[in-house]
Each structure stands twice: as C-alpha cells, then as structure tokens.
Visitor: 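To start, I am sharing the structure in question, which I have written as structure tokens.
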Amino acid sequence: MSEPISSVSPVSSQPVADQVGHIEVRGVEVIPDSDRHGRPRELFSLWLTSNITVLYIVFGGSLVAAGLNLWQAALVIVAGNLAYAFIGWAATVGPGAGTSTLMISRAQYGLHGNRLSALFSWLSLVGFEAINIAFGALALFSLAGELGWHVGTFGKALLLAVTVAVTYGISVLGHATIVRFQQLFALTLGVLSILLIVFVARHVNWNYAPKTPLRGAALWVALSSGLTLILSGPLSWAPAPVDYARYLPRNASRRAIAFHTTVGSLIPSISLALVGGAAATVVDPAALPNSIKGIVPGWFYPLFLAVVVVGTIANNVLGVYSSGLSLQAMGFRIHRAAAVSIDATIGTAMAVYAIFISNFITTLTEFLQWALFWWSPYLAIFLVDLVLRRGRYIGPELENAKGGRYWFSGGYRWRGLIALISGMVATALFAQTAHLK
C-alpha cells in the first residue's frame, strides 16, 4: 500500500491525494479528514453516467423475446431495478468508515476470511471489464463503418487500443478524475438517451402480444427468470458502492448519499431496459441493439453507437477502479495504480481473445451467471451487518493486521463465513444454467 499523503496544495482547495488529472495516491487505506471533499450530489451524475449502458437495452429485449408482453416486461424491469436502493443504502457507510467496500467486509468475515469475498469480487469485476471492453470496441467498429471506414484487422486493433487506453487511463488516475469524467458526459449521454426514447416510442406496438401468450407455470417461470436477469444489474455493483462515497466528509448526509446513488442508477437502468422491451415489439429482439437502426433516423444511429461506446467506457471505469481496490483488499501490498495495471493486462487479453480469436463473450457471460451466486448473499450479509452495527465501522481497525476489533478468531469470523457459503449454496440450488439442470 502507498504511504498516506494528507497535505493540501497551496494553490488549490482540493486535496493532493485525490486531484483531477493526477494519479490518486490512496488505495484501501482510510481517507483522513484532510483529504475529504465533495458533496453527495456528485454521486448522482457518477451513477447516472455509468448506468447508461447498452446492456439494459439487451435485458429489456430479452424479456419480450422470452414471451412476456410489454406490460409484464415493464413490471419486471421496474421491480428488479428497485434493488438499486440496496446499493444506495450500502454506500451510506462510506464517509464514516473512510475505506472501500471490500475492506468493510472484514467486519463480517475477519481479515483472512474476507479474502474469499475479495477474490470473488476481483474475478467478477475483471470479467465485466473484458465484456465491456469487447462490447465497446465492437460498437466502435460499427461506428467506424457508419462513418465510411471499412475496418480491417489493423483498424480493429487500433480502435481496441483506443478503448483500452481511455478506460484504463481514467481508472489509473483514480477517484477525482472518474467523478469529473462522469460529470462531463452525464448531460450529453442523458440528452441522447432521451432522444432514443422519443424515436423508439414513435414505433412501439403498444398492443403487442406474443404469438403464444404465457399462462400458469410457464408465465411464472418467465417472470421469475426475467426478474433474476434484471436483478443481475444492481447486484453486480455489490462490491463497489462504498468506493465512491468514502472521500465524502464524515458529516455528509447519509440520506443524500442513498438518494443520489439510488436515483442516479434507477433512471437509466429502468429507462433503457424499457426502450429495449419497447423496441422488441417491432424489431428483432435477438439482434438488439443493432436492430434499433431500423426505427431511428439515419443521422441518429451513429450518435446512438457513440452513446454505446462512451456509456460502456463510463460503466467500465467504475468496475476497473473497484477491481483494483478488491485486489488490494485481498492483502496484496501493491499501489492502487499498479493493481489497476494488472487488471488492465488481464482484462485486455481476455477482450482480445473474445474479439479476434473466439466467441469468448459467451464463456464470460456463463461465468458471470455463477458470480450471481456470490453477489446475492454478499450484499444481503453486508446490509444485515450494517443494520446490526447501525452503520458504524471503525476504519483504522479494519486496517489492523492482527489483534484488532475485527480480527475475531485468528482472522476469521466463522459466523459470517458460514452464512456466506450457505447463501451461495442455497442460491446455486435454486439456479438453472447451462451447467445446472
């Protein structure tokens, strides 16, 4: 871990430790009061921009493709995304603890026992990095084609390199730069998303019904599986919410933190999923988002692809940043920027394999289905512990290697570990994937 730096620049009121355009010097260590800055409202644009992602459009289309009508799909979309309230609630402990999500988990599992969750967090986030890089690059390839550039292998490699450089460059610079990046693109992406909604709404078949309406058990299966799909959106952020609230002053309003995190996430996740569901009533849902081209103006489609590219990058920088903190929370004494660089190497290699060698995205998607087995019980235990402790965590004690408040029995809190493993087993027993039938 890097040495604490708590000095303040004489020419700026912003802490040197976390300054826009400079590499953030802090990792999972507790943020001292001298380095605290910002307001809860900055979380709104951060979560809004990071959730303007094509994945939600695909989710919405998948519900209609599974046999739900538009109104059933809308009900599932709204109900599932309300789980973002849990992400907002989890973020409220950031200012008090002053450290990352996976460091706070030491209070639930002990220092050594927490390594399991830190590992699962790192694996799932790196998997998402690879998927987002691949999706972002593919959208960039399509955008280049719309602009008249017939991209060959060299061109694809160049555009992939640009996607990787921007994504990991912002993530290496750290928290302040990420917040500013999200703020800069929030309005532009928001306006373009509203235009997308308007253009799709003009073509929606409001009376759409599947050829064979689902009833009885088949309907409940479709509803429950669809709800699980939508829940994977908010649950995938389980390892990250505190990471972006920990720099806020200790007296920051918890209610405001929860509100801005939740609402900033809900607006794009619900809106874009509804767009996907609505579009699927008139275009091929299996080909989303490409099939949207048929129902939006020709001049807008390149802008839509640009939204996909920038939104994917905005989504990915949060995951990359948190994956670096997860690697540190495992106990590796490594600088945060170095941890991000390790993730960059692995994530890029996986994305290259996905794009140029094999359809590895399918393999990664299956892997992320398994990640749900950990996300769900992890977030549930985190919130139960938050209630029991009334949201009070002593940051410096979470850093103690041995003998501190959160050391428990030899570095393990067995009750927490048993609850986590039991929850994972229970989740797996109720799951059905390509490997569990």
Side-chain angles (χ1 to χ4, degrees), residues 1-2 26-31 87 90-91 93-94 97-130 171 175 235-246 318-347 367-368 370-386 393 395-402 404-421 423-424 427:
M1 270 177 227
S2 57
R26 299 204 177 277
V28 294
E29 67 268 31
V30 176
I31 309 300
I87 301 301
V93 301
T99 188
S100 69
T101 311
L102 265 295
M103 286 293 285
I104 291 175
S105 296
R106 290 182 172 183
Q108 293 133 39
Y109 309 111
L111 187 148
H112 295 318
N114 187 57
R115 296 182 198 274
L116 178 65
S117 284
L119 174 62
F120 285 146
S121 171
W122 181 76
L123 287 172
S124 64
L125 290 170
V126 169
F128 260 126
E129 290 169 26
S171 301
H175 174 266
L235 290 179
S236 68
W237 290 112
V242 182
D243 301 353
Y244 306 98
R246 74 192 201 283
L318 264 65
V320 172
Y321 181 80
S322 290
S323 69
L325 297 180
S326 296
L327 194 61
Q328 287 185 311
M330 272 191 270
F332 293 104
R333 300 186 66 81
I334 183 173
H335 193 280
R336 186 199 58 79
V340 170
S341 299
I342 292 172
D343 292 351
T345 302
I346 297 172
F367 164 74
L368 291 173
W370 291 80
L372 188 65
F373 299 170
W374 172 73
W375 291 333
S376 302
Y378 172 81
L379 182 59
I381 292 169
F382 191 98
L383 294 175
V384 168
D385 191 69
L386 185 158
Y393 296 90
E397 289 290 326
L398 292 167
E399 293 183 89
N400 284 346
K402 189 174 182 178
R405 177 186 295 263
Y406 305 113
W407 179 248
F408 302 109
S409 178
Y412 296 90
R413 191 181 187 192
W414 293 108
R415 287 186 300 173
L417 278 170
I418 291 171
L420 178 66
I421 294 171
M424 292 173 66
T427 303

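The structure displayed is predicted, hence computed values, not measured ones.
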Visitor: Using the side chain to side chain contact (heavy atoms under 4.5 Å, CB included) rule, pick out the option among Val28, Leu325, Val93 that qualifies with Arg246.
Guide: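 Of Val28, Leu325, Val93, side chain to side chain contact (heavy atoms under 4.5 Å, CB included) with Arg246 is met by Leu325 alone.
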
Visitor: Rounded to the nearest 0.5 Å, how far does CZ of Phe382 lie from CD1 of Ile87?
Guide: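 The CZ atom of Phe382 is 9.5 Å from CD1 of Ile87, to the nearest 0.5 Å.
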
Visitor: Got a second to check how far Arg26's CZ is from Ser100's OG, nearest 0.5 Å?
Guide: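 With rounding to 0.5 Å, CZ (Arg26) is 13.5 Å from OG (Ser100).
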
Visitor: Locate the shortest heavy-atom distance separating Ser236 from Phe128; write the atom from each residue and the value.
Guide: CB-CE1, 3.6 Å

Visitor: Mind running side-chain contact (heavy atoms from CB on, under 4.5 Å) on Phe332 and Ile342 for me, showing each step along the way?
Guide: CA-CA 12 Å; Phe332 293 104; Ile342 292 172; over 6 Å; no

Visitor: Considering residues at least two apart in sequence or located in another chain, which fulfil the side-chain hydrogen bond (donor to acceptor under 3.5 Å, both in side chains) criterion with Tyr109?
Guide: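 So Tyr109 forms no side-chain hydrogen bond (donor to acceptor under 3.5 Å, both in side chains) with any residue.
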
Visitor: If you take all heavy atoms of Ala107 and Leu398, which pair is closest and at what distance?
Guide: N-CD2, 3.9 Å

Visitor: Output yes when a side-chain donor or acceptor of Thr427 lies under 3.5 Å from a complementary backbone atom of Gly423, and no otherwise.
Guide: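 Judged by distance alone, yes, a pair lies under 3.5 Å.
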
Visitor: To check you understand the geometry: which heavy-atom pair defines the closest contact between Pro239 and Leu125, and what is its length?
Guide: CB-CD1, 4.4 Å

Visitor: Tell me every residue that passes ring pair (Phe, Tyr, Trp, His ring centres under 6.0 Å) with Tyr378, counting only those two or more places apart in sequence or in another chain.
Guide: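 Here the qualifying residues are Trp374.
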
Visitor: Who passes side chain to side chain contact (heavy atoms under 4.5 Å, CB included) against Arg415, sequence neighbours left out?
Guide: Arg413

Visitor: Going by salt bridge (Lys or Arg N to Asp or Glu O under 4.0 Å), name the residues that satisfy it together with Arg115, two or more places apart in sequence or in a different chain.
Guide: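 Salt bridge (Lys or Arg N to Asp or Glu O under 4.0 Å) check on Arg115 returns nothing, list empty.
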
Visitor: If I take atom CD from residue Glu29 and atom CD from residue Gln328, how far apart are they, to the nearest 0.5 angstrom?
Guide: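 Glu29 atom CD to Gln328 atom CD measures 7.0 Å (nearest 0.5 Å).
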
Visitor: Looking at Glu397 and Arg405, would you say the former's side chain and the latter's main chain have a donor-acceptor pair under 3.5 Å?
Guide: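 It does hold such a pair.
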
Visitor: Please test Tyr321 against Val340 for side-chain contact (heavy atoms from CB on, under 4.5 Å), starting from the C-alpha separation and ending with a verdict.
Guide: CA-CA 7 Å; Tyr321 181 80; Val340 170; 5.5 Å; no

Visitor: Examine distances only and state if a side-chain atom of Asn114 and a backbone atom of Leu102 form a donor-acceptor pair shorter than 3.5 Å.
Guide: yes

Visitor: Check side-chain hydrogen bond (donor to acceptor under 3.5 Å, both in side chains) between Tyr406 and all other residues, then give those that pass, not counting sequence neighbours.
Guide: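 Checked Tyr406 against side-chain hydrogen bond (donor to acceptor under 3.5 Å, both in side chains); zero matches.
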
Visitor: Working to the nearest 0.5 Å, report the span between OG of Ser117 and CH2 of Trp122.
Guide: 15.5 Å

Visitor: Holding to side-chain hydrogen bond (donor to acceptor under 3.5 Å, both in side chains), I want the full list of residues that pass it with Thr101, two or more places apart in sequence or in another chain.
Guide: Asp243

Visitor: Please round to the nearest 0.5 Å and tell me the distance separating atom CG of Leu235 and atom OG of Ser124.
Guide: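 Reported to 0.5 Å precision, the distance equals 11.5 Å.
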
Visitor: If you look at every heavy atom in Ser171 and Arg336, which pair is closest and at what distance?
Guide: O-NH1, 3.0 Å

Visitor: Nearest heavy-atom pair of Ala91 and Pro241: which atoms, and what distance?
Guide: CB-O, 3.7 Å

Visitor: Name all residues meeting the side chain to side chain contact (heavy atoms under 4.5 Å, CB included) criterion together with Ala338; count only those two or more places apart in sequence or in a different chain, and write none if there are none.
Guide: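 Only Ile334, His335 meet the side chain to side chain contact (heavy atoms under 4.5 Å, CB included) criterion with Ala338.
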
Visitor: Students often mix this up, so state it plainly: with edges at 30° and 60°, are the rings of His112 and Tyr412 parallel, tilted or perpendicular?
Guide: tilted

Visitor: Please tell me whether Phe120 and Phe373 form a close aromatic pair, meaning their ring centres lie under 6.0 Å apart.
Guide: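 Distance test on ring centres: not under 6.0 Å, no.
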
Visitor: With sequence neighbours left out, which residue pairs that include part of residues 323-332 fulfil the salt bridge (Lys or Arg N to Asp or Glu O under 4.0 Å) condition?
Guide: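 Of all non-adjacent pairs touching residues 323-332, none passes salt bridge (Lys or Arg N to Asp or Glu O under 4.0 Å).
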
Visitor: What distance do Leu116 atom CG and Ser121 atom OG have between them, rounded to the nearest 0.5 Å?
Guide: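 Separation between the atoms: 11.0 Å.
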
Visitor: Is there a side-chain contact (heavy atoms from CB on, under 4.5 Å) between Thr99 and Tyr393 once you walk through the steps?
Guide: CA-CA 10 Å; Thr99 188; Tyr393 296 90; over 6 Å; no

Visitor: For the residue pair Glu129 and Gly347, what are the closest heavy atoms and their distance?
Guide: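 Closest heavy-atom pair between Glu129 and Gly347: OE1-CA, 4.5 Å.
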
